[in-house]
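Fair warning: this is a prediction, and the values are worked out from it, not measured in the lab.
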Amino acid sequence: MSTYGQYCPIAQALDVVGDRWTLLIIRDMLTGTQHFNHLERGLPGISRGLLSQRLRQLQQSGIVEKEEHWEGRQRFTSYHLTDAGLALNNVIRSLMYWGVAWSFGDPSPEVLDPLLLLWWMHDRTNRTLLPEQWIVVQFDFYGAQTATYWLLLSSEDVTLCQTHPGFDADLLVTADLATLYQVWLGRMEYGEALDAGTLRLEGIPRYARAFPTWFKWSPAAPAVRATRLEAAGGDFGT
């Protein structure tokens, strides 16, 4: 690993966390991601080899700990932030607020990935508001990309399916991909998207009403909404 070769706390901090993907790995671990495959799914574009390398570097730097345990004959590996890693929460939050204020505009098509968006939704499902039985939600995306995926939701588990799960959909969500991204991140209100017709829900009425409560939405959404509110002079609805 190359270094800046400077006796300066900023330079030496960047020696540890300044490599490409490193802060995004820490971002996802701060929101609870612990397993290699889950980290990989939340970071499309990173190779498995590079992810392994970054995790080793973070372990060597004392930011991440690797834990292994056995269930019967099967070994499971998980990664956890140390106190030094958890202390980076303030760094990540500061970058988030800076990004919202200075570099977060309208999305371009090449940064809109429907599978990544649904993986984020998968990770931030509010399972306490879901029943024990499965609810099958089909997402039909159009716009920047055309794709169909499914979320299977219950109070016990959430599963993201890239192929038909074999069950009829209880709820069909038809969405312009850019619209659902902006709702997720707080750049557009859920009601605005419904009114514009770029987000439509069909299916069991009680599920359609409950749908926006099933997700905690992006951790960045409050900061994005606050910035929108300030820019609008406090004039847009919630």
Side-chain angles (χ1 to χ4, degrees), residues 1-6 8-69 74-104 107-108 110-127 149 151 157-160 162 181 184-186 215-224:
M1 182 176 68
S2 61
T3 70
Y4 288 101
Q6 295 184 15
C8 161
I10 296 173
Q12 294 191 356
L14 289 173
D15 286 344
V16 176
V17 298
D19 285 326
R20 181 172 170 80
W21 296 107
T22 297
L23 285 177
L24 292 184
I25 292 170
I26 294 167
R27 175 202 68 182
D28 287 359
M29 294 186 72
L30 282 166
T31 58
T33 305
Q34 298 179 348
H35 301 289
F36 185 94
N37 288 340
H38 290 182
L39 286 166
E40 183 188 20
R41 291 196 72 171
L43 299 167
I46 194 171
S47 69
R48 292 179 68 86
L50 184 56
L51 177 56
S52 294
Q53 179 185 341
R54 292 290 184 263
L55 287 169
R56 283 196 303 271
Q57 290 170 346
L58 289 169
Q59 290 174 69
Q60 292 164 2
S61 300
I63 290 173
V64 167
E65 292 178 334
K66 180 179 178 181
E67 295 184 2
E68 295 184 351
H69 65 277
Q74 190 168 5
R75 184 178 68 178
F76 292 89
T77 301
S78 60
Y79 297 89
H80 305 271
L81 293 170
T82 64
D83 288 345
L86 292 170
L88 286 165
N89 183 56
N90 290 334
V91 175
I92 298 294
R93 287 183 63 82
S94 294
L95 280 172
M96 178 188 72
Y97 281 106
W98 184 91
V100 167
W102 297 103
S103 67
F104 192 61
S108 55
E110 63 270 15
V111 299
L112 300 177
D113 180 341
L115 198 55
L116 176 61
L117 176 58
L118 288 182
W119 182 251
W120 286 343
M121 294 175 73
H122 161 282
D123 270 1
R124 291 185 61 78
T125 301
N126 191 352
R127 294 191 321 202
Y149 299 110
L151 282 178
D157 197 12
V158 179
T159 301
L160 171 57
Q162 299 183 52
Y181 255 99
W184 174 258
L185 284 154
F215 305 100
K216 301 173 186 176
W217 306 102
S218 168
V224 175

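A donor-acceptor pair under 3.5 Å is absent between the side-chain atoms of Thr22 and the main chain of Gly18, judged by distance alone. When atom types are taken as modelled, the side chain of Asp15 and the backbone of Tyr4 share a donor-acceptor pair closer than 3.5 angstrom. When atom types are taken as modelled, the side chain of Thr125 and the backbone of Phe215 share no donor-acceptor pair closer than 3.5 angstrom. Arg54 places a side-chain N or O within 3.5 Å of a backbone atom of Arg20 that can act as its donor or acceptor partner. A side-chain donor-acceptor contact under 3.5 Å links His35 to the backbone of Thr77. Remark: the backbone N or O of Ile63 is not paired with any side-chain donor or acceptor of Ser61 at under 3.5 angstrom.
Annotation for Ala11 and Gln6: closest pair CB-CB, 3.8 Å, computed over non-hydrogen atoms. Ser218 approaches Leu185 most closely through the heavy-atom pair OG-CD2, 3.4 Å. The two residues Tyr97 and Ala223 have their closest heavy-atom pair at CE2-CB, 3.3 Å. Residues Ala84 and Gly62 share a closest heavy-atom pair of CB-O, 3.8 Å. Closest approach of Leu116 and Gly42 over heavy atoms only: CD1-O, 3.6 Å.
Only one option out of Gln59, Glu67, Glu65 pairs with Tyr79 in a side chain to side chain contact (heavy atoms under 4.5 Å, CB included); it is Gln59.
Summarising the geometry, atom CD belonging to Gln57 is positioned 9.0 Å from atom CD1 belonging to Ile25; distances are rounded to the nearest 0.5 Å. In this structure, Trp119 CH2 and Leu160 CG are separated by 7.0 Å, a value rounded to the nearest 0.5 Å. Going from atom CG of Leu39 over to atom CZ of Arg27 covers 10.0 Å, rounded to the nearest 0.5 Å. The distance from the OG1 atom of Thr31 to the CD1 atom of Ile26 is 12.0 Å, given to the nearest 0.5 Å. If you take OG1 on Thr159 and CG on Leu151, they are separated by 9.0 Å, rounding to the nearest 0.5 Å. To the nearest 0.5 angstrom, Phe36 atom CZ is 6.5 Å from Leu55 atom CG.
By the 4.5 Å heavy-atom criterion applied to side chains, Trp120 and Trp217 are not counted as neighbours.
Defined by atom type and a distance below 3.5 Å, a donor-acceptor pair is present between the side-chain atoms of Ser78 and His80. In this structure, a donor-acceptor pair under 3.5 Å is present between the side chains of Asn37 and Arg48.
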Margin query: Walk me through whether Trp184 and Arg124 qualify under side chain to side chain contact (heavy atoms under 4.5 Å, CB included).
Written below: CA-CA 11 Å; Trp184 174 258; Arg124 291 185 61 78; 3.9 Å; yes
Note to self: Set out, in order, the CA-CA distance, both residues' side-chain angles and the distance that settles side chain to side chain contact (heavy atoms under 4.5 Å, CB included) for Arg93 and Leu30, then state yes or no.
What the structure shows: CA-CA 11 Å; Arg93 287 183 63 82; Leu30 282 166; over 6 Å; no
Next item on the list: Please test Ser108 against Val111 for side chain to side chain contact (heavy atoms under 4.5 Å, CB included), starting from the C-alpha separation and ending with a verdict.
Entry: CA-CA 6 Å; Ser108 55; Val111 299; 3.9 Å; yes
Next item on the list: For Met29 and Gln34, run side chain to side chain contact (heavy atoms under 4.5 Å, CB included): C-alpha distance rounded to whole Å, both residues' side-chain angles, the deciding distance at 0.1 Å, then the answer.
Entry: CA-CA 6 Å; Met29 294 186 72; Gln34 298 179 348; over 6 Å; no
